[in-house]
Trainee: 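Sending over a structure as structure tokens; questions will come in a sec.
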Amino acid sequence: MTEPPEQPHRRRSHTTAHDIERYAGLFAERTHGMRSSAMRDLMAITARPEVISLAGGLPDTSTFPPATFAAQMTKIAQESAAEALQYGPTEGFEETKDCVLQVMGAEGMLPDPEDVIITTGGQQAIDLITKTLVDPGDPVICEAPTYPGAVPVFSSYQADVIQVETDDDGMRVDELESVLRQLAAEGRRPKFIYSVPSFQNPAGVSLSFERRLRLVELARAHEVLIAEDNPYGLLRYEGEQLPPLYQLEGGDYVIYLGTLSKILSPGIRLGWAVAPPPVMEKIVLGKQASDLCTSTLTQYFVREYFSEGHWRDYVESLCDLYRSRRDAMLDALGRHFPPQAKWTRPGGGLFIWATLPDYIDTTDLLAKALRENVAFVPGQAAYVDGRGGSSMRLNFSASTEEQIDEGIRRIGQVIWEQVELYETLTGEHPAPPQRDEKPADNVLPMRKRAEGG
Ligand SMILES: Cc1ncc(COP(=O)(O)O)c(C=O)c1O
């Protein structure tokens, strides 16, 4: 039998205005508010090997021992190949729930397994709760800045997103209180308050204990749900652990979102949500419609991995590695950024948030930085209304200490060029801002550049 001649794959040239017109009338109303996650766009550029990327939120998966991975997958293949290759229940396997309950237990939470659903990453959990709760125009409250990956979710469900300022102690709950009062006066009930209270993405700050208590109190008083997104709670490099909102509140008004992405692997796509039974019922229906179930193979891998009993040792090893990288980045910032810049000093997580003088636009700056083969996430990605234009998110988990130093040096250089240009054009030489250090439990103060360097 002769082989058919090999057909080359069709490569599409760039989309033309005509192409866009051809489909435009078909798009659903909700697509008009859809925005690409800036991080996903950046990922394509930063995949080039010569680029030092401080842009992604990637954990360092090269630290996971390949031999452990191989042994676990081999065991699955030998002992339960047929089951691992099959569909599973929409809610997830009981054994997987046991694993995520161990993770929650490590932060003092003990939910009922019935209240848990296993999801395809934490991102799907955000999507599912928004799909379950939000109609077009419904208010959703979140932090300013907020997780850049949540912004496209909220906009695709046409939520009216209201952002509440954060400072070194996380969300300003006094401002939240005013927002809640204002909405009540307008007869509008926010569908949920989305918060990343521990080592936030992107700012790196944590909500203080007092504010956690007050936030929970406000949620109860106003009968508003909180969506607590906590991928980073266990990646703590110093200070005391703060209780999650779920633990403080008890789970009536808190929907908890978790993921193994940052403490095991984002490639396995395993997250979860914990919600009160009536809400969970709808979330399960929503997941059924989305993808039927989370990968069975992934769940079998997780089960094997947890059965070895060393998952906490691995998290500890990640903490040691990321602590050193955070310190390397803080040190590099002190040496390479101009004195007009300030930045957070996170006690955990993966990110530092830097703010430059307001005449510098970090989206423009990124184009210049990319020419120097270095990338960061411009601050605007973390806002729905164009704010954040002078800020940037810097990731320290995915690069070596040498790459971090070189990457910050290159970004520092393009910032210095902007500062000098501004000073030349305006004749102004603004005094560097004063340091305003103040003690905090687990978050070092939002810090101005150290003197010297
Ligand atoms: C706050 C927050 N929530 C959710 C996610 C999504 O994680 P996953 O990989 O589990 O989908 C991330 C990832 O960076 C995150 O930072």
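First listed ligand is number 1; within each ligand, the first listed atom is number 1. Residues: numbered from 1 along the sequence shown.
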Trainee: Identify, by atom number and element, the atoms of ligand 1 in contact range of Ser261, meaning under 4.0 Å from any of its heavy atoms.
Mentor: 8 (P), 9 (O), 10 (O)

Trainee: State if Gly271 counts as touching ligand 1 under the rule of any non-hydrogen atom under 4.0 Å.
Mentor: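 Contact absent.
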
Trainee: Mark the output for Gly57 as yes if a heavy-atom distance to ligand 1 is under 4.0 Å, and as no if none is.
Mentor: no

Trainee: Just by distance, do the side chain of Arg269 and the backbone of Ser261 share a donor-acceptor pair under 3.5 Å?
Mentor: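 Here the side-chain-to-backbone pair does not exist.
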
Trainee: Quick check, are the ring centers of Phe69 and Phe301 under 6.0 angstrom apart?
Mentor: yes

Trainee: Between Arg410 and Glu406 (salt bridge meaning N to carboxylate O under 4.0 Å), is one present in this structure?
Mentor: yes

Trainee: May I ask you to check whether Tyr147 and Phe351 place their ring centers less than 6.0 Å from one another?
Mentor: no

Trainee: Suppose I only count heavy atoms of Gly122 and a 4.0 Å limit; which atoms of ligand 1 are within that range?
Mentor: 8 (P), 10 (O), 11 (O)

Trainee: With atoms numbered from 1 as shown, which atoms in ligand 1 lie under 4.0 angstrom from a non-hydrogen atom of Asn201?
Mentor: 14 (O), 15 (C), 16 (O)

Trainee: Is the positively charged end of Arg303 above the ring of Tyr300, judged by distance under 6.0 angstrom from the centroid and angle within 45° of the axis?
Mentor: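 Checked: cation-pi criterion met.
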
Trainee: Closest by any non-hydrogen atom to atom 13 (C) of ligand 1: pick that one out of Gln123, Lys262, Gln200, Gln124.
Mentor: Lys262

Trainee: For Val196, take its heavy atoms, then give the atoms of ligand 1 lying under 4.0 Å from any of them.
Mentor: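 Listed by number with element: 1 (C).
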
Trainee: Do Gln340 and Ile415 make a side-chain contact, defined as non-hydrogen atoms from C-beta onward lying under 4.5 Å apart?
Mentor: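 No. Closest side-chain heavy atoms not under 4.5 Å.
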
Trainee: Considering only heavy atoms of Thr259, which atoms of ligand 1 have at least one such atom less than 4.0 Å away?
Mentor: 8 (P), 10 (O)

Trainee: So, do Phe64 and Tyr314 have ring centers that fall under 6.0 Å from each other?
Mentor: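 Centroid distance Phe64-Tyr314: below 6.0 Å, so yes.
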
Trainee: Under a 4.0 angstrom heavy-atom cut-off, which atoms of ligand 1 come close to Arg269?
Mentor: 8 (P), 9 (O), 11 (O)

Trainee: Give the atoms of ligand 1, by number and element, whose distance to some non-hydrogen atom of Gly121 is under 4.0 Å.
Mentor: 10 (O), 11 (O)

